[in-house]
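Encoded as C-alpha coordinates, the structure appears first; notes follow it.
Just so we're on the same page: letters track the sequence lines, and every chain starts at 1. A quick note: this is a predicted structure, and the numbers were derived from the prediction, not measured.
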Number of protein chains: 2
Amino acid sequence: MNNALSVEFIQQASDVIKVLGHPQRLKIIEYLEKEEKSVSQIQEHLSVSQPLASQYLRHMHSRGIVKYRQEGTTYFYSIASEFIHKILDCVSECQQKVESGEWELAMFGTE
Amino acid sequence: MNNALSVEFIQQASDVIKVLGHPQRLKIIEYLEKEEKSVSQIQEHLSVSQPLASQYLRHMHSRGIVKYRQEGTTYFYSIASEFIHKILDCVSECQQKVESGEWELAMFGTE
DNA sequence: ATTTTATATAAGAAAATTACTATATATTGG
DNA sequence: CCAATATATAGTAATTTTCTTATATAAAAT
(Lines give C-alpha, C1' and ligand atoms only; values in the text may rest on other atoms or scores of the structure.)
Protein backbone atom coordinates (compact mmCIF):
# COMPACT_ATOMS: atom_id res chain seq x y z
CA MET A 1 0.00 0.00 0.00
CA ASN A 2 2.84 2.41 0.68
CA ASN A 3 5.07 3.42 -2.18
CA ALA A 4 8.27 5.18 -1.29
CA LEU A 5 8.26 8.92 -1.41
CA SER A 6 10.46 10.57 -4.00
CA VAL A 7 13.08 13.08 -3.01
CA GLU A 8 11.33 15.91 -4.85
CA PHE A 9 7.99 15.07 -3.33
CA ILE A 10 9.44 15.05 0.17
CA GLN A 11 10.91 18.47 -0.52
CA GLN A 12 7.65 19.90 -1.81
CA ALA A 13 5.50 18.24 0.81
CA SER A 14 7.67 19.41 3.67
CA ASP A 15 7.46 22.94 2.28
CA VAL A 16 3.69 22.74 2.47
CA ILE A 17 3.62 20.99 5.84
CA LYS A 18 5.95 23.60 7.28
CA VAL A 19 3.31 26.24 6.67
CA LEU A 20 0.82 24.25 8.73
CA GLY A 21 3.30 23.87 11.57
CA HIS A 22 2.23 27.17 13.03
CA PRO A 23 -0.78 27.56 15.34
CA GLN A 24 -2.24 30.66 13.71
CA ARG A 25 -1.85 29.38 10.19
CA LEU A 26 -3.30 26.02 11.13
CA LYS A 27 -6.20 27.86 12.73
CA ILE A 28 -6.77 29.77 9.50
CA ILE A 29 -6.85 26.55 7.54
CA GLU A 30 -9.37 25.08 9.92
CA TYR A 31 -11.46 28.24 9.72
CA LEU A 32 -11.48 27.99 5.93
CA GLU A 33 -12.35 24.33 5.86
CA LYS A 34 -16.07 24.67 5.29
CA GLU A 35 -16.23 27.90 3.33
CA GLU A 36 -14.29 30.88 2.09
CA LYS A 37 -13.74 33.85 4.43
CA SER A 38 -12.71 37.44 3.94
CA VAL A 39 -9.45 38.80 5.30
CA SER A 40 -11.27 40.81 7.97
CA GLN A 41 -13.20 37.75 9.10
CA ILE A 42 -9.95 35.83 9.41
CA GLN A 43 -8.28 38.73 11.16
CA GLU A 44 -11.05 38.88 13.75
CA HIS A 45 -11.08 35.14 14.18
CA LEU A 46 -7.38 35.14 15.03
CA SER A 47 -7.32 38.45 16.89
CA VAL A 48 -4.30 39.69 15.02
CA SER A 49 -3.47 42.89 13.18
CA GLN A 50 -4.58 43.39 9.60
CA PRO A 51 -1.08 43.28 8.11
CA LEU A 52 -0.28 40.09 9.98
CA ALA A 53 -3.43 38.36 8.75
CA SER A 54 -2.66 39.53 5.24
CA GLN A 55 0.88 38.28 5.56
CA TYR A 56 -0.22 34.84 6.71
CA LEU A 57 -2.53 34.63 3.72
CA ARG A 58 0.05 35.84 1.24
CA HIS A 59 2.46 33.30 2.66
CA MET A 60 -0.03 30.47 2.27
CA HIS A 61 -1.04 31.68 -1.14
CA SER A 62 2.54 31.66 -2.36
CA ARG A 63 2.73 27.99 -1.37
CA GLY A 64 -0.49 27.15 -3.17
CA ILE A 65 -2.29 26.36 0.05
CA VAL A 66 -5.01 28.96 -0.29
CA LYS A 67 -6.54 30.82 -3.22
CA TYR A 68 -8.70 33.92 -3.31
CA ARG A 69 -11.58 35.54 -5.10
CA GLN A 70 -11.94 39.30 -5.19
CA GLU A 71 -15.26 41.11 -4.87
CA GLY A 72 -14.88 44.87 -4.72
CA THR A 73 -12.31 45.57 -2.06
CA THR A 74 -13.02 42.31 -0.30
CA TYR A 75 -10.87 39.23 -0.80
CA PHE A 76 -12.36 35.86 -0.05
CA TYR A 77 -9.80 33.21 0.73
CA SER A 78 -10.33 29.47 0.55
CA ILE A 79 -8.33 26.27 0.64
CA ALA A 80 -6.66 25.57 -2.68
CA SER A 81 -5.49 22.00 -2.38
CA GLU A 82 -7.01 18.63 -1.64
CA PHE A 83 -3.89 17.73 0.28
CA ILE A 84 -4.66 20.43 2.83
CA HIS A 85 -8.15 19.09 3.31
CA LYS A 86 -6.71 15.62 3.88
CA ILE A 87 -4.19 16.82 6.42
CA LEU A 88 -6.93 18.68 8.24
CA ASP A 89 -9.07 15.54 8.32
CA CYS A 90 -6.11 13.73 9.73
CA VAL A 91 -5.57 16.30 12.47
CA SER A 92 -9.26 16.31 13.28
CA GLU A 93 -9.38 12.53 13.46
CA CYS A 94 -6.35 12.61 15.69
CA GLN A 95 -8.00 15.03 18.11
CA GLN A 96 -10.97 12.70 18.35
CA LYS A 97 -8.78 9.68 19.04
CA VAL A 98 -6.83 11.61 21.63
CA GLU A 99 -10.00 12.81 23.32
CA SER A 100 -11.37 9.30 23.41
CA GLY A 101 -8.13 8.13 25.00
CA GLU A 102 -7.34 5.80 22.13
CA TRP A 103 -4.22 7.66 21.04
CA GLU A 104 -1.71 10.07 22.40
CA LEU A 105 -0.75 12.98 20.22
CA ALA A 106 2.78 12.78 21.49
CA MET A 107 4.30 10.38 23.94
CA PHE A 108 6.54 12.61 26.03
CA GLY A 109 6.56 16.29 26.72
CA THR A 110 10.17 16.23 27.88
CA GLU A 111 12.33 19.32 27.16
CA MET B 1 -17.98 14.36 10.75
CA ASN B 2 -15.67 17.21 11.61
CA ASN B 3 -15.64 18.52 15.15
CA ALA B 4 -13.92 21.82 15.72
CA LEU B 5 -10.34 21.71 16.87
CA SER B 6 -9.64 23.07 20.33
CA VAL B 7 -7.12 25.82 20.86
CA GLU B 8 -4.82 23.57 22.87
CA PHE B 9 -4.97 20.82 20.31
CA ILE B 10 -4.12 23.22 17.50
CA GLN B 11 -1.14 24.36 19.51
CA GLN B 12 0.10 20.84 20.20
CA ALA B 13 -0.62 19.56 16.73
CA SER B 14 1.16 22.45 15.03
CA ASP B 15 4.17 21.78 17.25
CA VAL B 16 4.29 18.23 15.98
CA ILE B 17 3.54 19.15 12.37
CA LYS B 18 6.29 21.75 12.44
CA VAL B 19 8.84 19.01 13.01
CA LEU B 20 7.67 17.26 9.84
CA GLY B 21 7.96 20.45 7.84
CA HIS B 22 11.59 19.79 7.15
CA PRO B 23 12.81 17.55 4.31
CA GLN B 24 15.41 15.63 6.29
CA ARG B 25 13.18 15.02 9.27
CA LEU B 26 10.31 13.97 7.04
CA LYS B 27 12.70 11.61 5.31
CA ILE B 28 13.68 10.11 8.65
CA ILE B 29 10.03 9.54 9.51
CA GLU B 30 9.45 7.84 6.21
CA TYR B 31 12.56 5.72 6.73
CA LEU B 32 11.26 4.64 10.12
CA GLU B 33 7.80 3.87 8.89
CA LYS B 34 8.20 0.13 8.50
CA GLU B 35 10.74 -0.65 11.18
CA GLU B 36 13.14 0.78 13.70
CA LYS B 37 16.59 1.91 12.56
CA SER B 38 19.84 2.69 14.31
CA VAL B 39 21.32 6.17 14.35
CA SER B 40 24.10 5.14 11.99
CA GLN B 41 21.60 3.67 9.53
CA ILE B 42 19.65 6.92 9.60
CA GLN B 43 22.81 8.92 9.27
CA GLU B 44 23.85 7.02 6.18
CA HIS B 45 20.38 7.18 4.70
CA LEU B 46 20.40 10.97 4.93
CA SER B 47 24.09 11.48 4.21
CA VAL B 48 24.55 13.81 7.11
CA SER B 49 27.07 14.01 9.95
CA GLN B 50 26.60 11.93 13.08
CA PRO B 51 25.87 14.90 15.35
CA LEU B 52 23.29 16.25 12.93
CA ALA B 53 21.46 12.93 12.72
CA SER B 54 21.55 12.68 16.48
CA GLN B 55 20.22 16.20 16.79
CA TYR B 56 17.32 15.50 14.45
CA LEU B 57 16.43 12.47 16.51
CA ARG B 58 16.75 14.22 19.83
CA HIS B 59 14.55 16.97 18.47
CA MET B 60 11.90 14.51 17.32
CA HIS B 61 12.16 12.56 20.54
CA SER B 62 11.57 15.66 22.63
CA ARG B 63 8.31 16.18 20.73
CA GLY B 64 7.23 12.60 21.27
CA ILE B 65 7.47 11.80 17.58
CA VAL B 66 10.05 9.05 17.88
CA LYS B 67 11.10 6.75 20.67
CA TYR B 68 14.19 4.57 21.06
CA ARG B 69 15.40 1.29 22.38
CA GLN B 70 19.00 0.84 23.43
CA GLU B 71 21.03 -2.27 22.74
CA GLY B 72 24.65 -1.95 23.79
CA THR B 73 25.90 1.26 22.27
CA THR B 74 23.36 1.11 19.52
CA TYR B 75 20.14 3.09 19.66
CA PHE B 76 17.19 1.94 17.60
CA TYR B 77 14.71 4.66 16.85
CA SER B 78 11.11 4.18 15.79
CA ILE B 79 7.93 6.17 15.34
CA ALA B 80 6.23 6.84 18.66
CA SER B 81 2.83 8.13 17.67
CA GLU B 82 -0.10 6.92 15.61
CA PHE B 83 -0.64 10.47 14.46
CA ILE B 84 2.71 10.41 12.69
CA HIS B 85 1.79 7.22 10.88
CA LYS B 86 -1.46 8.82 9.77
CA ILE B 87 0.22 11.94 8.48
CA LEU B 88 2.69 9.81 6.60
CA ASP B 89 -0.14 7.82 5.03
CA CYS B 90 -1.68 11.08 4.04
CA VAL B 91 1.51 12.34 2.40
CA SER B 92 1.99 9.04 0.65
CA GLU B 93 -1.57 9.04 -0.64
CA CYS B 94 -1.07 12.57 -1.82
CA GLN B 95 2.02 11.64 -3.80
CA GLN B 96 0.07 8.88 -5.51
CA LYS B 97 -2.78 11.22 -6.39
CA VAL B 98 -0.35 13.80 -7.69
CA GLU B 99 1.49 11.22 -9.77
CA SER B 100 -1.76 9.98 -11.24
CA GLY B 101 -2.65 13.55 -12.15
CA GLU B 102 -5.73 13.53 -9.95
CA TRP B 103 -4.46 16.19 -7.55
CA GLU B 104 -1.95 18.97 -7.44
CA LEU B 105 0.16 19.22 -4.31
CA ALA B 106 0.08 22.97 -4.55
CA MET B 107 -1.66 25.13 -7.09
CA PHE B 108 0.92 27.82 -7.77
CA GLY B 109 4.63 28.02 -7.31
CA THR B 110 4.59 31.81 -7.48
CA GLU B 111 7.15 33.76 -5.40
C1' DA C 1 -12.69 65.04 -5.75
C1' DT C 2 -12.29 63.45 -1.10
C1' DT C 3 -12.95 60.25 2.38
C1' DT C 4 -13.62 55.69 3.90
C1' DT C 5 -13.07 50.85 3.79
C1' DA C 6 -10.59 46.61 2.80
C1' DT C 7 -6.46 44.87 1.89
C1' DA C 8 -1.59 44.67 0.26
C1' DT C 9 3.28 45.71 0.59
C1' DA C 10 7.76 47.17 2.58
C1' DA C 11 11.31 47.43 5.87
C1' DG C 12 13.41 46.13 9.90
C1' DA C 13 14.23 44.34 14.79
C1' DA C 14 13.87 40.35 17.64
C1' DA C 15 13.56 35.60 18.13
C1' DA C 16 14.00 30.98 16.53
C1' DT C 17 16.04 27.48 13.58
C1' DT C 18 19.69 25.19 11.33
C1' DA C 19 23.89 22.96 10.82
C1' DC C 20 28.61 22.98 12.01
C1' DT C 21 32.81 21.89 15.08
C1' DA C 22 34.49 20.19 19.09
C1' DT C 23 33.96 17.35 23.00
C1' DA C 24 31.85 14.03 26.20
C1' DT C 25 29.83 9.61 27.55
C1' DA C 26 29.06 4.87 27.66
C1' DT C 27 29.56 0.19 26.03
C1' DT C 28 32.33 -3.41 24.10
C1' DG C 29 36.62 -5.89 22.93
C1' DG C 30 41.39 -6.82 23.64
C1' DC D 1 43.22 -0.65 31.86
C1' DC D 2 43.19 0.97 26.95
C1' DA D 3 41.37 1.54 22.51
C1' DA D 4 37.51 1.51 19.45
C1' DT D 5 32.79 2.17 18.40
C1' DA D 6 28.22 4.31 18.67
C1' DT D 7 25.95 8.02 20.07
C1' DA D 8 24.97 12.26 22.81
C1' DT D 9 25.76 17.01 24.13
C1' DA D 10 27.53 21.84 24.03
C1' DG D 11 28.56 26.04 21.93
C1' DT D 12 27.97 28.99 18.18
C1' DA D 13 27.71 31.49 13.59
C1' DA D 14 24.68 32.00 9.80
C1' DT D 15 20.31 32.00 8.17
C1' DT D 16 15.37 32.11 8.40
C1' DT D 17 11.09 33.21 10.55
C1' DT D 18 8.05 36.08 12.91
C1' DC D 19 5.79 40.13 14.01
C1' DT D 20 5.65 45.03 14.20
C1' DT D 21 5.12 49.77 12.31
C1' DA D 22 4.51 52.54 8.55
C1' DT D 23 2.84 53.22 4.03
C1' DA D 24 0.54 52.16 -0.41
C1' DT D 25 -3.27 50.77 -3.40
C1' DA D 26 -7.74 50.27 -5.08
C1' DA D 27 -12.70 50.17 -4.92
C1' DA D 28 -16.84 52.36 -2.97
C1' DA D 29 -19.33 56.00 -0.95
C1' DT D 30 -20.27 60.81 -0.13
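Counting atom types as modelled, B:Q50 pairs no side-chain N or O with a base atom of D:dA6 as donor and acceptor under 3.5 Å.
Comparing atom distances between the B:H22 side chain and each of D:dA8, D:dT7, C:dT18 picks out C:dT18 as nearest. Distance from the side chain of A:R25 is smallest for D:dT18 among the nucleotides C:dC20, D:dT18, C:dT27. Nearest nucleotide to the A:T73 side chain, out of D:dT18, D:dA26, D:dT7: D:dA26. When the nucleotides C:dA22, C:dA8, C:dA19 are ranked by their closest atom to the side chain of B:Y56, C:dA19 comes out on top. Closest to the A:Q55 side chain, of the nucleotides C:dA8, C:dA11, C:dA19, is C:dA11. Taking every side-chain heavy atom of A:T74 into account, C:dT7 is the closest of C:dA8, C:dT27, C:dT7. Taking the side chain of B:R58 as heavy atoms from C-beta on, and the options D:dT21, D:dA8, D:dT9, the nearest nucleotide is D:dT9.
In this structure, A:Y77 reaches the sugar-phosphate backbone alone: every heavy-atom distance under 4.0 Å involves primed, P, OP1 or OP2 atoms, never a base. Using a 4.0 Å heavy-atom cutoff across all strands shown, B:S40 reaches sugar-phosphate atoms only and no base atom. Residue A:F76 is classed as having no contact, given no heavy-atom separation below 4.0 Å to the nucleic acid.
Here D:dA6 presents its P atom at 17 Å from CD of B:E36, a figure rounded to the nearest Å. Distance, B:Q41 CD to D:dT5 P: 18 Å, rounded to whole Å. Between B:Y68 atom OH and C:dA26 atom C1' there is a gap of 12 Å when expressed in whole angstrom units. Regarding B:I42, its CD1 atom lies at a distance of 9 Å from the P atom of D:dA8, rounded to whole Å. Nucleotide D:dT7 holds its C1' atom 15 Å from the CZ atom of B:R69, rounded to whole Å. Per the geometry, CD belonging to B:Q70 stands 11 Å off C1' belonging to D:dA8, to the nearest Å. Across the protein-nucleic acid pair, A:Q24 atom CD and D:dT18 atom C1' stand 11 Å apart, rounded to whole Å. Remark: C1' of C:dT18 and CE of B:M60 are 14 Å apart, rounded to the nearest angstrom.
Ring orientation note: the planes of A:Y68 and A:Y75 are tilted relative to one another, at an angle of 30° to 60°.
Residues A:I84 and A:V16 meet the side-chain proximity criterion, which asks for heavy atoms closer than 4.5 Å. The side-chain heavy atoms of A:W103 and A:L105, taken from C-beta on, include no pair separated by under 4.5 Å.
The 5' end of DNA chain D is approached more closely, in terms of each residue's nearest nucleotide, by A:P51 than by the other of A:E71 and A:P51. Between A:Q43 and B:L52, the residue anchored closer to the 5' end of DNA chain C is A:Q43, taking for each the nucleotide with the nearest heavy atom.
Applying the 4.0 Å criterion to OP1 and OP2 of D:dT17, one finds that A:K18 has a side-chain N or O inside that range.
When the shell of 6.0 Å around NZ of B:K37 is examined, it contains more than 12 heavy atoms from other residues, nucleotides or ligands.
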Pair B:E99, A:F9 - check side-chain contact (heavy atoms from CB on, under 4.5 Å), show working.
CA-CA 10 Å; B:E99 277 171 357; A:F9 194 83; over 6 Å; no

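The minimum heavy-atom distance between B:Q43 and B:V48, with the atom names listed, is CG-O, 3.0 Å.
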